[in-house]
*Asks:* 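Submitted below is the structure of interest, expressed as structure tokens.
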Amino acid sequence: MMDDIVFQAKNLQIHAMRDDGSELPIVKGVDFKVHRGEVVALIGESGSGKTTISLSALGYCKPGLKFAGGQAELLGQDLTNMTTDALRPLRGQRVAYLAQSAAATFNPALKINEQVTEAPVIHGTKTQNDANLRALELYRALELPNADTIGDRYPHQVSGGQLQRLMAAMALCGDPDLLVLDEPTTALDVTTQIEVLKAFKKVIRDEGAAAIYVTHDLALVAQIADYIVVLYNGEIKEKGPTDVIINNPQHPYTKRLIAASRLEPQTQHSAQEQPAEIEPPALTTTQIDAGYGPTKDGRPLVQILHDVDLSVQRGQTVGVIGESGSGKSTLARVVAGLLPPASGSVVLADETLPPALAQRNRDQLRRIQFVYQMADTALNPRQRIRDILGRPLEFYTGVSGREKKDKIDELLEMVDLPKSFAGRYPHELSGGQKQRVNLARALAASPDVILCDEVTSALDSIVGANVIALLKDLRERTGIASVFISHDLSTVASYAEHLVVLYAGRVVESGLTHQVLSNPQHPYTRLLIASVPEMRIGWLEDAAKARITPTGTSDNKFSTASGCPFMPRCPMVIDNVCSRVTPPRRQANPGSNHGFACHHDVNALAVETVSPESHQI
């Protein structure tokens, strides 16, 4: 029914303005509708126009863009020709926007409740008292802890998943007719993501709102969307009900998206047990303790890592997985020398490294290189690619002139970029291309080990799969060792031969990838595996019913030096033992390097089974 339509794009066209005054089509005649109570997902790789189209529902174009034709109608009103003053009453009142980063959305200087209730009070649709009551109602609906008092906190005093749900409360407080959700769970780990998804889905259903959901993750789309619009290069390639698109895609691009979302895990034949090591490992950490804040008696005020051991052979990738706050990035900072450990050692081949970066010589710095998560912030926007790659070449190898130019060309070729890109600035490259430059900069030093910290988390499935394929190829060609840090278990499983599972700064399970995934022992590892979304409609509800391990991280999980930190969430707690005694290290199989830390042995843990479906990484 026409009066049931909340938003409608009719032959929507958006152009970019070139410097010479000419126009470049970005969105090319897009048509779709969003009905009340419906979630419509816009999917596609980076640059497909998802966010640009979704922002048209607010009557907004990014700087340098303009509405060039067609209509973007909200409740029958065309937003494309409205002034900012005319749009202001609609934004936050009729339509609300949820950004990807809640941390960037909230003002750190203001309390949460003041920000959640701001829009309806400013628009005059609610008094402050009414807005406070509405906010409290939403805190409870979104299953936030301490709902009665959480609004009195500042943003930094809540977890990332809680802040993401609070951003949803902020958007819903004014009772909008349409929500625009722009990658709202991309930066969250799998266990937090499942809780946020459940909360979003429940609130959208209960509130009767409509939503546009922007994402590149098809597994998430299958859980929350009613209708899918597949975009490529600003055009719709396919659209239809979610079950039809997921189960019977017709367009080759849709099929490619689905294939890229199903990364194949390492198999048993891709890595074998190596009982007799001929060469020393490329990298070893032994009994690493590390943390932040002032030290007392040589110990950090807040200890993050506890007795962490890691070993990486030349030509091997070790994946380090765990929720946000588990200590993954802290471990990488210790290895790189950015954070000196309180105790323990970092050994590169057969050389023990000084703990602090400033104490390491140039060759030691060269041999370990960091590949950062966000290429946008890692690459200097004022330098051309040739300068970004040329600096580490000069610093570590002393090359210059023609030799440096040839080396830059080799690096670009190594990461499958054309030589002509040397003269470009970072903003002239796509997200995937910038990540390749980010990788090439690390390779410029000819390192022995690279530390990849969430290098695919901000990329869409196709670009992310291409980066993983590139890393595999580089590993085969150069024999470089890598530590691959991520909260995305399916991505790690497709690339790493070995897995190390961290929780609260402790190694709770480790082993060959196929061992850990096919026979997980620790309850936390099982929780991670069971939380990976499947591209199947109804998975979210099935997973919620089957879950016996509570999700969400404990606020004081780093506070105890003894006992098991997973105890508050574990379904198999042993009274008066788990709270006092640090779990022993056990073997999953005799003679295997698959180990785990738990008070229960293999036979006891076998009783606590995980459904076969949860192993489909």
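Just so it is clear, the values below take in all heavy atoms, side chains as well, and ignore hydrogens, waters and symmetry mates. Throughout, residue positions are numbered sequentially from 1 according to the sequence presented.
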*Asks:* Can you see which heavy atom on L499 is nearest to which on L517, and at what distance?
*Replies:* CD1-CD2, 4.0 Å
*Asks:* Testing I321, V500, T525 for side chain to side chain contact (heavy atoms under 4.5 Å, CB included) with V516, which one passes?
*Replies:* T525
*Asks:* Which label fits Y524 and H522: parallel for a plane angle under 30°, tilted from 30 to 60°, or perpendicular past 60°?
*Replies:* perpendicular
*Asks:* Taking all heavy atoms of A57 and all of L74, pick out the closest pair and write down the distance.
*Replies:* O-CD2, 4.2 Å
*Asks:* Apply ring-ring contact (aromatic ring centres under 6.0 Å, His included) to Y253 and list each qualifying residue two or more places apart in sequence or on a separate chain.
*Replies:* Y232
*Asks:* Of Q93, K126, R94, which is the lone residue that meets side-chain hydrogen bond (donor to acceptor under 3.5 Å, both in side chains) with D175?
*Replies:* K126
*Asks:* What heavy-atom pair brings I304 and G327 nearest, and what distance separates the two atoms?
*Replies:* CG2-CA, 3.9 Å
*Asks:* Determine whether the side chains of R134 and Y139 contain a donor N or O and an acceptor N or O closer than 3.5 Å.
*Replies:* no
*Asks:* Out of curiosity, E73 CD to I5 CD1, how far, rounded to the nearest 0.5 Å?
*Replies:* 8.5 Å
*Asks:* With sequence neighbours left out, what residues match Y97 under side-chain hydrogen bond (donor to acceptor under 3.5 Å, both in side chains)?
*Replies:* D182
*Asks:* Should the pair F484 and Y495 be assigned to parallel (<30°), tilted (30 to 60°) or perpendicular (>60°) ring geometry?
*Replies:* perpendicular
*Asks:* So, are K111 and E114 salt-bridged, with charged N and O less than 4.0 Å apart?
*Replies:* no
*Asks:* Looking only at atom types and distance, does a side-chain atom of K50 sit under 3.5 Å from a main-chain N or O of Y213, one as donor and one as acceptor?
*Replies:* no
*Asks:* Are D31 and K239 close enough for a salt bridge, meaning some N to O gap below 4.0 Å?
*Replies:* no
*Asks:* For a quick check under 3.5 Å, do T149 and D152 share a side-chain donor-acceptor pair by atom type?
*Replies:* no
*Asks:* May I ask you to decide if the ring planes of F7 and F32 are parallel, tilted or perpendicular, using 30° and 60° as cut-offs?
*Replies:* tilted
*Asks:* Do L90 and Q77 have side chains that get closer than 4.5 Å, going by heavy atoms?
*Replies:* yes
*Asks:* Over all heavy atoms of both residues, which pair between T117 and N132 is shortest? Give the atoms and the distance, please.
*Replies:* CG2-OD1, 3.7 Å
*Asks:* In Å, rounded to the nearest 0.5 Å, how long is the span from CZ of R165 to CD1 of I150?
*Replies:* 8.0 Å
